[in-house]
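In this text the structure is predicted, and so the values were computed from the model without any measurement.
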Amino acid sequence: MLGLILYFTAILLELIFAIGFSAFTISFIYSSLKGSPYVPTKNNVIDRILKNAKLKPGQLFLELGSGDGRVCRFAASRYKVTSIGVDVNPLLVWYANLLVKLKRLNNIHFYCKNIFITDTSKADVIFLFLMPKLISQLLPKLENEMKKNAVVISHGFKVIGWEKRLIGILDDGPFPTYYYRK
């Protein structure tokens, strides 16, 4: 009898793993199809990027395409900014919110929604790690909504058309980071 229980428990655990792994894989494919794949950035790279951004306590830090929320969490905990992360992937947003609750961080919020309907007008700093095509589609929205002197940090890719707004480059590792001011 114990052997039968162990057998069905093992089958159930394998089934749970298969369903979870499938959901995980499908969510990453979904993110890629929506414009940008999930590519996590290492904490030491995030540290250098945000150090160069000269964040100040109380600023609003907005990440469009926040993935698991690691950049927002780092910015909020290290620099005492209010962080908002937006991603289209519900699984990653759920995970980001879970980590915020576990770490008891009150100055971070994550939302599962389209970045094109996200209000960018109050952000002091906007962080992007998006594919060039998605950045170019997002550019008119940023032009129209962003407040004056807001900073855009584009990790990995230049913002084509904003060459005159470029205020710095961090050429670090496989992905350079570009800093722009509106």
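For the pair Lys56/Tyr79, no side-chain contact is recorded, criterion being any heavy-atom separation below 4.5 Å from C-beta on. When side chains are defined from C-beta on, Leu62 does not count as touching Val125, because their heavy atoms never get closer than 4.5 Å. Looking at heavy atoms from C-beta onward, Gln59 lies out of side-chain contact with Thr82 at the 4.5 angstrom threshold. Tyr180 has its side chain out of reach of Glu163: every pair of non-hydrogen atoms, C-beta onward, lies at least 4.5 Å apart. Two residues are said to be in side-chain contact when any heavy atoms from C-beta on lie closer than 4.5 Å; Leu142 and Ile126 meet this criterion. Taking the side chain as every heavy atom from C-beta outward, Asn149 and Lys182 never approach each other to under 4.5 Å. Trp162 places a side-chain heavy atom less than 4.5 Å from the side chain of Val152.
Leu139 and Ile160 make their closest contact through CD2-O, 3.3 Å (heavy atoms, listed as atom of the first residue, atom of the second, distance). In terms of heavy atoms, Ser66 sits closest to Glu63 at CA-CD, 3.5 Å. Considering every non-hydrogen atom in both Ser136 and Lys133, the closest pair reads OG-O, 2.8 Å. Pairing each heavy atom of Asp87 with each of Gly65, the nearest pair is OD2-C, 3.3 Å. Nearest heavy atoms, Ala75 versus Ser83: CB-OG, 3.9 Å. Across Val88 and Cys112, no two heavy atoms sit closer than the pair O-SG, 3.5 Å.
Through direct or indirect side-chain contacts shorter than 4.5 Å among Ile, Leu, Val, Met, Phe, Trp and Tyr, Val100 is connected to Val93, Leu105, Ile108, Phe110.
When the shell of 6.0 Å around NZ of Lys147 is examined, it contains more than 12 heavy atoms from other residues, nucleotides or ligands. The environment of Asn106 atom CG is sparse: at most 12 non-hydrogen atoms of other residues, nucleotides or ligands sit within 6.0 angstrom. Taking a 6.0 Å sphere around NZ of Lys113, one finds it holds more than 12 heavy atoms contributed by other residues, nucleotides or ligands.
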message = One pair to check against side-chain contact (heavy atoms from CB on, under 4.5 Å): Val81 and Asn107. What are the steps and the verdict?
response = CA-CA 7 Å; Val81 298; Asn107 53 342; 5.9 Å; no
request  = Please assess Phe74 against Leu50 for the test side-chain contact (heavy atoms from CB on, under 4.5 Å), listing each intermediate value before the final yes or no.
outcome  = CA-CA 9 Å; Phe74 199 98; Leu50 296 180; 3.8 Å; yes
Pair Arg165-Tyr178, side-chain contact (heavy atoms from CB on, under 4.5 Å): steps then yes or no = CA-CA 10 Å; Arg165 295 182 177 187; Tyr178 303 91; over 6 Å; no
Worked check of side-chain contact (heavy atoms from CB on, under 4.5 Å) between Phe61 and Leu55 = CA-CA 9 Å; Phe61 181 88; Leu55 300 176; 4.2 Å; yes
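Between atom CE of residue Met146 and atom OG1 of residue Thr120 there is a gap of 7.0 Å, rounded to the nearest 0.5 Å. The structure places CD1 of Ile84 at 10.0 Å from CG of Leu64, a figure rounded to the nearest 0.5 Å. The CG atom of Asn52 sits 10.0 Å away from atom CG of Asp47, with the distance rounded to the nearest 0.5 Å. Interatomic distance, CG of Leu138 versus CZ of Phe116, reported as 5.0 Å (0.5 Å rounding). Taking CD1 from Ile115 and NZ from Lys141, the interatomic distance works out to 9.0 Å, rounded to the nearest 0.5 Å. One distance of note links OG1 of Thr41 with CZ of Arg70; it measures 7.0 Å at 0.5 Å rounding.
No donor-acceptor pair closer than 3.5 Å links the side chain of Asp68 to the backbone N or O of Ala96. Looking only at distances, no side-chain donor or acceptor of Tyr179 sits under 3.5 Å from a matching main-chain atom of Ser154. Judged by distance alone, with hydrogens and angles left aside, the side-chain atoms of Lys54 form no donor-acceptor pair with the main-chain N or O of Lys51 at under 3.5 Å.
Counted by atom type alone, Glu145 and Ser121 present zero donor-acceptor pairs between their side chains at under 3.5 Å.
By the 30° and 60° cut-offs, the orientation of the rings of Phe129 relative to His155 is perpendicular.
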